[in-house]
Number of protein chains: 2
Amino acid sequence: MPATGLPHGAVPKLERPGPLRERVYEALLELITTRALRPGQHLVESELAGHLGVSRQPVREALQRLNTEGWVDLRPAQGAFVHEPTEEEADQLLTVRTLLEAEAARLAAASADGAGIAALEELCAKGERAVLDDDVDGAVAANAAFHAEVMRLAGNAVLSELAAQVDRRVRWYYTPVARQRGKQSWIEHRELIAAITTGDEQRATAVMRAHTEHTRRTYHERERS
Amino acid sequence: MPATGLPHGAVPKLERPGPLRERVYEALLELITTRALRPGQHLVESELAGHLGVSRQPVREALQRLNTEGWVDLRPAQGAFVHEPTEEEADQLLTVRTLLEAEAARLAAASADGAGIAALEELCAKGERAVLDDDVDGAVAANAAFHAEVMRLAGNAVLSELAAQVDRRVRWYYTPVARQRGKQSWIEHRELIAAITTGDEQRATAVMRAHTEHTRRTYHERERS
DNA sequence: CATGGGTAAACTGTAGACAATAACCAATTC
DNA sequence: GAATTGGTTATTGTCTACAGTTTACCCATG
């Protein structure tokens, strides 16, 4: 290796636009999760293409990826429709999410690590601060970051990737009721950190399971609001 | 509804070709799982297209789906390469598989059902027969069918879909050593059926976990063969 | 002999054009 | 008047062509 003398991070990494399909994919996913594209809506390739300033091909590829990941339904010879979540499906997703997150918590507890725990505590503090400030977006972001960090500590890439997809969809269903669960959520996070710190796999699993189950309850009780 | 006088089943259902990308996808997946396309191999779109008698476009779409599902790695501006499984990844996949299958077993036990149990027993018998006949392919197929049936009984579509993908990849890694685990596997299946029949969720989970963990052991001990 | 530059080939990424298919609507017949 | 049939339109599925990048090889040069 040649000695360039340049530290890795210092290189500006001159912007690579990256494949168009990726950007289209992310743009569409953003539009779906923000409800700019509503469930059941018919997505016409040429419209999207024109709207995004690209050709139909990248749009097609993005739509197909969204299809395999469950965001849109691709009816043959008819086109793409934004997926309509059902009660049953939301419930099943929450079940799977509970499973994956609980396992991640167990693995994280098993391979406890000082630096990782510090990161968790920082994210937890950030979330608590956001809740006190009534910063909903900040709290949601901190929550996602917290769970992602637990996933990272688990050190299982396959698990992490699956959980990322499931979590994102759960959050999509769940966003409308997200504000209800603010303070209590972070108390539970503190408990989880404690369990991970002491390396108590059983307790970490139990706490995370209770945490996500609690989330499910909140979801199912949302009608009365 | 017009009375055509034609019974439903009698219509030959003249072959619906289905979207080309689907068929290309299945063809490529078959080629990969059978090792006709070996890990690390560079897949050139135009070659595949010519070989399959279609244009590049369906091949592209199939490759991208294979990419999102972890079968091929898609390096930008360079093309598709058959994914090379690592030890670590195989281990992580087995962990996730254990998780998903165990949960499926629990759910299946919770919603025990006479017809379902009968189906399981039949598949089990078929598998045992295949083992006695040294019919390896038949045994592998019966094994897959058995696990798929447990999944179906669990009644969780999301879980089922995830497990299907994970299982298929696990089986890809695992196929070379599949013959080692013949008879014992089906004894464990019998235990699982017993647990499901009595609706014992705890025991069903434990049995399935032991079963898949056993599979993992076998995998990791394969070098010495 | 090693090294650097430059050129060419191969492949992917994107765009545009054409064919096929399914829904929609009106006209027609029983 | 209802149902069926034929035409029409909009949209997807597929193919072909072209531009952009990366890689590898070869030749010139120190």
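Quick note on labels: first sequence line is chain A, next is B, and so on, each numbered from 1. This is a predicted model, so every value here is computed, not measured.
- Two residues, B:Q57 and A:H42, neighbour DNA chain D, and the one matched to the more 5' nucleotide by heavy-atom proximity is A:H42.
- The CZ atom of A:R75 sits 12 Å away from the P atom of D:dT12 (whole-angstrom rounding).
- In this entry the distance linking CD of B:E61 with P of C:dT14 reads 14 Å, nearest Å.
- Under the 4.0 Å criterion applied to side-chain N and carboxylate O atoms, B:E103 and B:R106 are assigned as salt-bridge partners.
- Atoms CD (A:E47) and P (D:dT11) sit 7 Å apart, rounded to a whole Å.
- The CD-P distance, from A:E45 to D:dT14, rounds to 11 Å in whole Å.
- Ring orientation note: the planes of A:W172 and A:W71 are tilted relative to one another, at an angle of 30° to 60°.
- Rounded to whole angstrom, the span from the CG atom of A:L52 across to the P atom of C:dT14 amounts to 13 Å.
- Nucleotide D:dT12 holds its P atom 17 Å from the CG atom of B:L20, rounded to whole Å.
- No engagement by B:L74 is indicated, since no non-hydrogen atom pair under 4.0 Å with the nucleic acid exists.
- Contact between the side-chain N/O atoms of A:R21 and the OP1/OP2 oxygens of C:dG13 is found at a separation under 4.0 Å.
- Salt-bridge annotation for B:E69 and B:R65: present, with a side-chain N of the basic residue lying under 4.0 Å from a carboxylate O of the acidic one.
- Here the P atom of nucleotide C:dT14 and the CG atom of A:L48 are 16 Å apart, to the nearest Å.
- Among the nucleotides C:dA15, C:dT21, C:dT12, the one closest to any side-chain atom of B:R56 is C:dT12.
- For A:V44, taking side-chain heavy atoms from C-beta onward, the closest of the listed nucleotides D:dC15, D:dT12, C:dT12 is D:dT12.
- With respect to A:R38 and A:E84, no salt bridge is recorded, no charged nitrogen being found less than 4.0 Å from a carboxylate O.
- Two residues, A:Q78 and A:V54, neighbour DNA chain C, and the one matched to the more 5' nucleotide by heavy-atom proximity is A:V54.
- A:H83 has its side chain out of reach of A:L66: every pair of non-hydrogen atoms, C-beta onward, lies at least 4.5 Å apart.
- When distances are taken from the side chain of A:P58 to each of C:dA15, D:dC18, D:dG13, the shortest belongs to C:dA15.
- Between A:L63 atom CG and D:dT12 atom C1' the separation is 11 Å, expressed in whole Å.
- Proximity of A:R60 to the phosphate of D:dG13: a side-chain N or O atom is located under 4.0 Å from OP1 or OP2.
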